[in-house]
Amino acid sequence: MKTHASVAGKIALSFVMVMVVMIIVSFIFAAIGVARGMNLAELEASIGESLLVQYLQMILFIASSYAMYAFFERKKGWAIGLRQRRGTAYALHGAVAGIILISASAVLIWAFGGVSWQWVEWDQEMLVPMLKGILLFVGVAVSEEIYSRGYVQGLLRHHYGSTTAIVVSSILFALLHSMNPGMFSSPLPVINLIMAGVIMAVAREVTGGLWWPIGLHLTWNYFQGYIYGFNVSGTTRDYSLLHTVDQGPAWLSGGGFGIEGSAVSIVLLVLGTIAVYMIYRHKNKKFDADSVSSLLR
């Protein structure tokens, strides 16, 4: 019981550290907005759309992960996972897997009539925002993976083993998106984000590090938003190569939440998780294969 409380307390503290700073920053932004005569709706939009706030949140999740690790875990024999042999190769593997999975999801949703697509006429003004999108989603992928799969999953695995670490860290990963628009519009966004957490958590286990999950996380988000024109976990993009028109039921098209609100991507994430396990299970000699095998049965 003492161990349970200690682990739960560490995870809670790592999250609270981020939220306290974000609340302080939000108050500062709000004070500046009030001084400029903004109303409540304008203040909320200004804070929510601020790239400075978004990047600060990413930095804080990384800082919180490493601070908690340095203070409490550094001498306990487990690693966050960024220092990984063949990390570049694993990142490329994950990036390709992300492109395949999100592309298959998007094409199947289109083929079944969930959406229609229109090509967007290329404009040079699109180049800078789309390049900024890469930078944004690199930050999202690195920060969320260091926190969710590096610190939280690593802490849980150290105390409870791989299966518990995969399941609990994936649920917590989904809950990190609780404030996203449309997150609880149906059970599908929650299930999708849990399954996205599972495939990345299994990959972290079987490859022995974070670079495969980082690669998948990056391309899944970027191609979903900037190539195929879907919302990304409920958030919109200003530019994409394809303009998506929702014309099917939300369970198929994903509705306002994007592909992660569709039943199609759940099926593909399950298949992808099995594939990752089968391909990489013998790569990491320290991997507890039996525990994850039981999860996939």
Side-chain angles (χ1 to χ4, degrees), residues 7-8 10-12 14-15 18 57-70 72-74 76-95 97-98 101 137-177 192-221 233 260 269 272-273 275-277 279-281 283-284 286-289 291-292 295-296:
V7 171
K10 289 175 182 177
I11 294 173
S14 68
F15 182 75
V18 175
Q57 181 172 290
M58 297 173 200
I59 292 169
L60 288 172
F61 270 112
I62 294 172
S64 172
S65 301
Y66 276 101
M68 294 296 295
Y69 181 82
F72 300 110
E73 311 298 328
R74 186 167 53 87
K76 294 184 179 179
W78 64 272
I80 283 181
L82 275 184
R83 295 182 178 180
Q84 180 182 8
R85 185 170 164 268
R86 298 183 65 233
T88 302
Y90 279 126
L92 289 173
H93 292 185
L101 285 172
F137 282 130
V138 166
V140 169
V142 171
S143 62
E144 291 188 3
E145 292 311 304
I146 287 176
Y147 182 74
S148 297
R149 255 64 64 180
Y151 176 68
V152 173
Q153 184 176 335
L155 177 66
L156 290 166
R157 186 182 193 276
H158 177 70
H159 288 282
Y160 305 112
S162 295
T163 301
T164 299
I166 290 169
V167 172
V168 176
S169 67
S170 298
I171 293 171
L172 293 176
F173 173 71
L175 292 177
L176 284 178
H177 299 79
N192 260 292
L193 285 170
I194 290 174
M195 286 311 306
V198 168
I199 189 173
M200 290 184 285
V202 169
R204 192 264 181 269
E205 293 291 328
V206 297
T207 64
L210 293 181
W211 287 106
W212 199 103
I214 287 172
L216 180 138
H217 202 148
L218 166 61
T219 54
W220 173 280
N221 281 345
S233 301
E260 293 154 356
L269 285 168
T273 301
V276 169
Y277 169 71
I279 292 169
Y280 295 100
R281 58 179 172 166
K283 299 293 185 182
N284 180 18
K286 296 180 180 179
F287 170 52
D288 183 358
S291 62
V292 177
L295 177 68
L296 296 175

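One-based numbering along the sequence shown.
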Nearest heavy atoms of [X] and [Y], plus distance in Å:
| X | Y | answer |
| --- | --- | --- |
| Ile194 | Ala174 | CG1-CB, 3.7 Å |
| Ala141 | Ile214 | CB-O, 3.7 Å |
| Val276 | Trp212 | CG2-CH2, 3.5 Å |
| Ile146 | Leu210 | CA-CD1, 3.9 Å |
| Arg204 | Ile80 | NH2-O, 3.0 Å |
| Trp211 | Leu82 | NE1-O, 2.7 Å |

For residues [X] and [Y], determine if any side-chain heavy atom of one lies less than 4.5 Å from a side-chain heavy atom of the other.
| X | Y | answer |
| --- | --- | --- |
| Tyr280 | Val202 | no |
| Glu73 | Met68 | no |
| Trp220 | Leu269 | yes |
| Gln84 | Thr207 | yes |
| Glu144 | Met58 | no |
| Leu193 | Leu175 | no |
| Met195 | Val198 | yes |
| Leu176 | Phe15 | yes |

Counting N and O atoms only, with roles assigned by atom type, does the side chain of [X] sit under 3.5 Å from a partner on the main chain of [Y], one being a donor and the other an acceptor?
| X | Y | answer |
| --- | --- | --- |
| Ser169 | Gln153 | no |
| Ser148 | Glu145 | no |
| Glu260 | Ser233 | yes |
| Thr164 | Gly161 | no |

Decide whether Tyr147 and Ser14 meet the rule of one side-chain donor and one side-chain acceptor closer than 3.5 Å.
yes
Should the ring pair His217 and Phe173 be called parallel, tilted or perpendicular, given that the plane angle runs from 0 to 90° and is split at 30 and 60?
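Because their plane-to-plane angle is over 60°, the rings of His217 and Phe173 count as perpendicular.
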Using the six-membered ring wherever Trp is involved, compare the ring planes of Trp78 and Tyr151 and label them parallel, tilted or perpendicular (cut-offs 30° and 60°).
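Aromatic pair Trp78/Tyr151 classed tilted.
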Assess the residue pair Val206 and Ile279 against the criterion (side-chain contact (heavy atoms from CB on, under 4.5 Å)); give the C-alpha distance rounded to whole Å, side-chain angles, the decisive distance to 0.1 Å, and a yes or no.
CA-CA 9 Å; Val206 297; Ile279 292 169; over 6 Å; no
Distance from [X] atom [atom1] to [Y] atom [atom2], nearest 0.5 Å?
| X | Y | atom1 | atom2 | value |
| --- | --- | --- | --- | --- |
| Leu156 | Thr163 | CG | OG1 | 12.0 Å |
| Ile11 | Ser64 | CD1 | OG | 11.0 Å |
| Ser170 | Arg149 | OG | CZ | 6.5 Å |

